[in-house]
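Let me begin by presenting the structure, written as structure tokens, before commenting on it.
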Protein chains: 2
Amino acid sequence: MTARYIEIYQQFKTDIIQEKYPANSFLPSEAKIASQFSCSRDTVRKALSHLEEDGFIQKQHGRGSQVLQHSLINFPISGLTSFQELKQVQRLDANTKVVLLERLQSTAMNRQTTGFPAKTKLYHLIRVRYINGLASVIDEDYFDRSVVHNLTAEIAAGSIYEYLENTEKLTISYAEKSVTAELISKQDRLLMPDLPERENRLIQVESRVHLADTTYFQHTISRHRPDKFQFNEFSRRQKK
Amino acid sequence: MTARYIEIYQQFKTDIIQEKYPANSFLPSEAKIASQFSCSRDTVRKALSHLEEDGFIQKQHGRGSQVLQHSLINFPISGLTSFQELKQVQRLDANTKVVLLERLQSTAMNRQTTGFPAKTKLYHLIRVRYINGLASVIDEDYFDRSVVHNLTAEIAAGSIYEYLENTEKLTISYAEKSVTAELISKQDRLLMPDLPERENRLIQVESRVHLADTTYFQHTISRHRPDKFQFNEFSRRQKK
DNA sequence: CTCTATTTGTCCGTATGTATT
DNA sequence: TAATACATACGGACAAATAGA
């Protein structure tokens, strides 16, 4: 049931990662790929376009598609990737402690910060992420309870996204994110006791996450230890 | 000479920004757009795909293409956008002081940091960006001199990208970026005299920029005042 | 420098499937 | 159920860039 062009995309993606096509080498021409997969050139082109967007190849008019240097570490943090997925891909020694899980209603006050209209029924969740035993990230989430129905501490300690996509059958689609450096609060110091006294800010990644039908359902504030924070991104220059 | 689908993309992009299609409204169906522009549906789809990638619309199978809320401020920092372009789009009161412009050769030492092989002939450039009169960003650049030929302080004070693309006819294509929080150096304090004593880190955005033929030609380190830094991004969840 | 073969870029028309209303 | 709208796929045509003879 998965689309043909997605299969082709994945085939080349894994081949590139396994260095079957090493950096700087060229993929076969679109025509050759099309005959190999016995599909049309249009289908191949769709697959290659996605590989290009994601930074795996660079297409060159009249020359071919060249494989780019890729550090695996380069991709997973960018985009919309959950902590559990990160943990898997990067093979981190990581675990999660649920500090708070409560039900509440949004007020006019936190409407501005969370983006939810007043009186929306929400889950409020606070978790600390430990990497190699060190408290490295404080995650604070608000979920719209009309979308997320049965959130438990067990789910929150594992993968909420896995639960939402596989059990609740939701399609998580896009997010607006912002990265800033925010002053450290007393609560931050309590949750990150090893944080050196001289540090005065945490790196904060704020996200507003939406479903495929544009429903806004999650607001997340992730506060990172500044000495442990790294955000990697592949970006392309906009065409005129 | 610009492609038909790019024209259509731009038409809708400006219409959306000017709220001719307000947030949450739907664009005309692909078939209608195709007949309006008297082109094929395939061409329309390409334009709409780009609008979706860039966060302007959300396509919904069987329903239509819905316009998303867009804060103009949301886009320009993400991607590969020059300071001068940012200044224009955001209408900032901003100016640039060139602190250093010199020619040098890379050593084995700075190969690791800059990514250029030893003995590459480079320009080395340091600039301070002032926003509303306040020193807010320190930019340090290395350009490969076999790509960038005549860099002057005048060009460096204006738009280097404008010069490279329009005068030197280069096609800037993609970059790997990383964001970290780095300790403040003595040089940083000299260039940013108003930086409060209690701050101990700057937000550093490091970029390696490539041309369309994958030539690596620019390494940039941008160090931002933590209280002035904000990085905004629109991101989509990866398909399985 | 010119010509030619190869390769990617754009666009069209058509057909069929799937999701929404 | 039927109409509408988006998703996928195919095949063909021509343009434009590149590389090599």
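None of the values given here were measured: they were computed from a predicted structure. Chain identifiers are assigned alphabetically (A, B, ...) following the order of the sequence lines, protein sequences preceding nucleic acid strands; residue numbering begins at 1 within each chain.
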Can you check whether B/His224 reaches B/Val205 side chain to side chain, under 4.5 Å on heavy atoms?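 When only atoms from C-beta onward are counted, B/Val205 and B/His224 do touch, with a gap below 4.5 Å.
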For a 4.5 angstrom cut-off between non-hydrogen side-chain atoms, does A/Ile8 reach A/Cys39? yes
What integer distance in Å separates [X]:[atom1] from [N]:[atom2]?
X        : N      : atom1 : atom2 : answer
A/Asp42  : C/dG13 : CG    : P     : 15 Å
B/Leu48  : C/dC11 : CG    : P     : 14 Å
A/Gln58  : C/dT7  : CD    : P     : 18 Å
B/Asp213 : D/dA19 : CG    : C1'   : 14 Å
A/Gln66  : D/dA19 : CD    : P     : 11 Å
B/Ile33  : D/dC6  : CD1   : C1'   : 12 Å
B/Glu7   : C/dC11 : CD    : C1'   : 13 Å
A/Glu30  : D/dA17 : CD    : C1'   : 13 Å

For [N], does either OP1 or OP2 sit under 4.0 Å from a side-chain N or O belonging to [X]?
X       : N      : value
B/Arg41 : C/dG13 : no
B/Lys59 : D/dA7  : yes
B/Tyr5  : C/dC11 : no
A/Arg45 : C/dT8  : no

Closer than 4.0 angstrom, basic N to acidic O: yes or no for A/Glu53 and A/Arg236?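 So A/Glu53 does not pair with A/Arg236 through a salt bridge.
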Which nucleotide, C/dG17, C/dT10, D/dT8, lies nearest any side-chain atom of B/Lys46? C/dT10
Considering only side-chain heavy atoms of B/Arg4, which listed nucleotide, C/dC11, C/dT18, D/dT18, is closest?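 From the listed options, C/dC11 comes nearest.
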Of A/Gln60 and A/Thr43, whose nearest nucleotide on DNA chain D comes first from the 5' end?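 Nearest-nucleotide comparison on DNA chain D picks A/Thr43.
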Report the residue (B/Arg63 or A/Lys32) whose heavy-atom-nearest nucleotide on DNA chain C is the more 5′ of the two. A/Lys32
Distance criterion of 3.5 Å, no angle test: do you see the side chain of B/His61 paired donor-to-acceptor with the base of C/dT18? yes
A/Tyr123 and A/Tyr142: CA distance, side-chain angles, deciding distance, side-chain contact (heavy atoms from CB on, under 4.5 Å) verdict: CA-CA 5 Å; A/Tyr123 280 112; A/Tyr142 295 87; over 6 Å; no
So, for B/Phe56 and B/Phe12, is the gap between ring centers shorter than 6.0 Å?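 Between B/Phe56 and B/Phe12, the centre distance exceeds or equals 6.0 Å.
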